[in-house]
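Both ligands and their constituent atoms are indexed starting at 1 by order of listing. Index from 1, following the sequence.
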Amino acid sequence: LIAPASADFMAKLVHGRADDLLSLMCLARACPLLVAPAMNREMWSAAPTQRNVEQLKLDGVKILGPGNGNQACGETGDGRMLEPAQLLAELVGFFQPKLLSGKRVMITAGPTVEPIDPVRVISNRSSGKTGYALARAAWESGAEVTLISGPTALSTPYGVSRIDVETAQQMHDAVLAHANNQDIFIAVAAVADWRVANVATDKLKKIGEQTPELSFIANPDILATVAKLPHGPWCVGFAAETERLSEFAHEKRLRKGIPMLIGNLAQHVMDADHTTVSIFDVDGEHPLPSSGKQDVARQLIHAISTRFTGTQA
Ligand code: CTP
């Protein structure tokens, strides 16, 4: 990876020059080459640079960026080197197998938040880590990823488009607005099953010993709704249980009408960085070894792509 790569160095690469150590190493290499351009916006958009970029792509060089923003010369525009963290994400992604190349994947993640009054909410302990790890792994495998997320403390994985929602109803509406042009839908969010029916318009005040009475109405089941769409995406569900995982997970997969469900024991994994999951499908239960959430997410994307591709054959 050459970062930063100047306009001049890219021109040298195009011509196969080898009059310094770096260009010589590039010419004599037997490995992939990635280049992160960094230059003034006029230099970037200039015809010779654009010709060189096209030629480098034809030569099999992967061009990372450039980014857009403030430049050292005081101008603003295209030509900034990508941020180091973005380059790292690109580099890690470059070496992952492109199992979902060109596919569209939509993922829900995190908790939902249901208001009680203007200052109080009901939510749950979901951190969003598993959903975000899956979004990252899906992007690394070549997919175009839309992440529909409840409130979390996590930053958006590089390359992923994120839509923020709060309530289950908002998540439902955002998912349905995008569902028809997706190939795969992975429902990871911990969606509140109920919302408060009598949401107070003003803050509930303490009145003596009186306790507030809340009544509830059911939220729509997002996953079950998407699974029933006539031309909807291939659906994957999650089940976080606290007991009898196999029994509940098999039953849930059939009840939601989905080909694949990933189950785990909630008390072991909520907010943790490690996870232990099992895959449930028509052939039964397939446990995966315990590992970090990102590693498990990559294994799950592999399992999802294998089953999804099987249905497309
Ligand atoms: N889910 C959803 N919409 C809901 C509830 C759940 O899309 N309103 C999705 C979750 O994202 C997850 C799966 O359905 O992929 C299972 O969620 P869970 O809450 O465990 O299932 P429930 O249907 O609520 O079943 P139970 O009450 O038995 O836990």
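Linking Ile, Leu, Val, Met, Phe, Trp and Tyr whenever their side-chain heavy atoms come within less than 4.5 Å puts Val236 and Leu100 in one cluster. Met43 and Met81 are members of different hydrophobic clusters when ILVMFWY side chains are connected at heavy-atom separations under 4.5 Å. Cluster membership for Ile304 and Ile258, using ILVMFWY side-chain heavy atoms within less than 4.5 angstrom, is not shared.
Using a 4.0 Å cut-off between heavy atoms, Asp221 contacts ligand 1 through both its backbone and its side chain. Residue contacts with ligand 1, taken as heavy atom pairs separated by less than 4.0 Å, do not involve Ala168 at all.
Here the protein heavy atom with the shortest distance to atom 8 (N) of ligand 1 is Pro220 O, 2.9 Å. With respect to atom 23 (O) of ligand 1, the closest heavy atom belonging to the protein is Lys256 NZ, 2.9 Å. Of the protein's heavy atoms, Phe238 O, 3.0 Å lies nearest to atom 12 (C) of ligand 1. From the protein, the heavy atom lying nearest to atom 15 (O) of ligand 1 is Ala187 O, 2.6 Å. For atom 19 (O) of ligand 1, the closest non-hydrogen atom on the protein side is Asp193 OD1, 4.1 Å. Remark: minimum distance from atom 20 (O) of ligand 1 to any protein heavy atom is reached at Lys252 NZ, 2.6 Å. Closest to atom 7 (O) of ligand 1 among all protein heavy atoms lies Leu223 N, 2.8 Å.
Counting only N and O atoms by type, the side chains of Asn219 and His172 include no donor and acceptor under 3.5 Å apart.
A salt bridge links Glu54 with Lys57; the closest basic N to acidic carboxylate O contact falls under 4.0 Å.
Residue contacts with ligand 1: Glu241 is placed with no nitrogen or oxygen under 3.5 Å of a nitrogen or oxygen of the ligand (distance criterion only). Residue contacts with ligand 1: Val191 is placed with no nitrogen or oxygen under 3.5 Å of a nitrogen or oxygen of the ligand (distance criterion only). In terms of polar-atom proximity, defined here as any N/O pair under 3.5 Å, Ala189 does make such a contact with ligand 1. Residue Ile222 has at least one nitrogen or oxygen atom sitting less than 3.5 Å from a nitrogen or oxygen atom of ligand 1, judged on distance alone.
Against a heavy-atom cut-off of under 4.0 Å, Arg255 is close to the following atoms of ligand 1: 23 (O), 25 (O), 28 (O). Per-residue contacts place Gly237 under 4.0 angstrom from the following atoms of ligand 1 (heavy atoms of the residue considered): 15 (O).
Arg29 contributes a side-chain N or O that, together with a main-chain N or O of Cys26, makes up a donor-acceptor pair within less than 3.5 Å. At distances below 3.5 Å, at least one donor-acceptor pair connects side-chain atoms of Asn198 with backbone N or O atoms of Ser215. Looking only at distances, a side-chain donor or acceptor of Ser123 sits under 3.5 Å from a matching main-chain atom of Thr112.
Across Gly77 and Gln71, no two heavy atoms sit closer than the pair O-NE2, 3.5 Å. Nearest approach of Arg253 to Pro259, heavy atoms of both residues: NH1-O, 3.4 Å.
Ligand 1 is never approached by His172 to a heavy-atom distance shorter than 4.0 Å.
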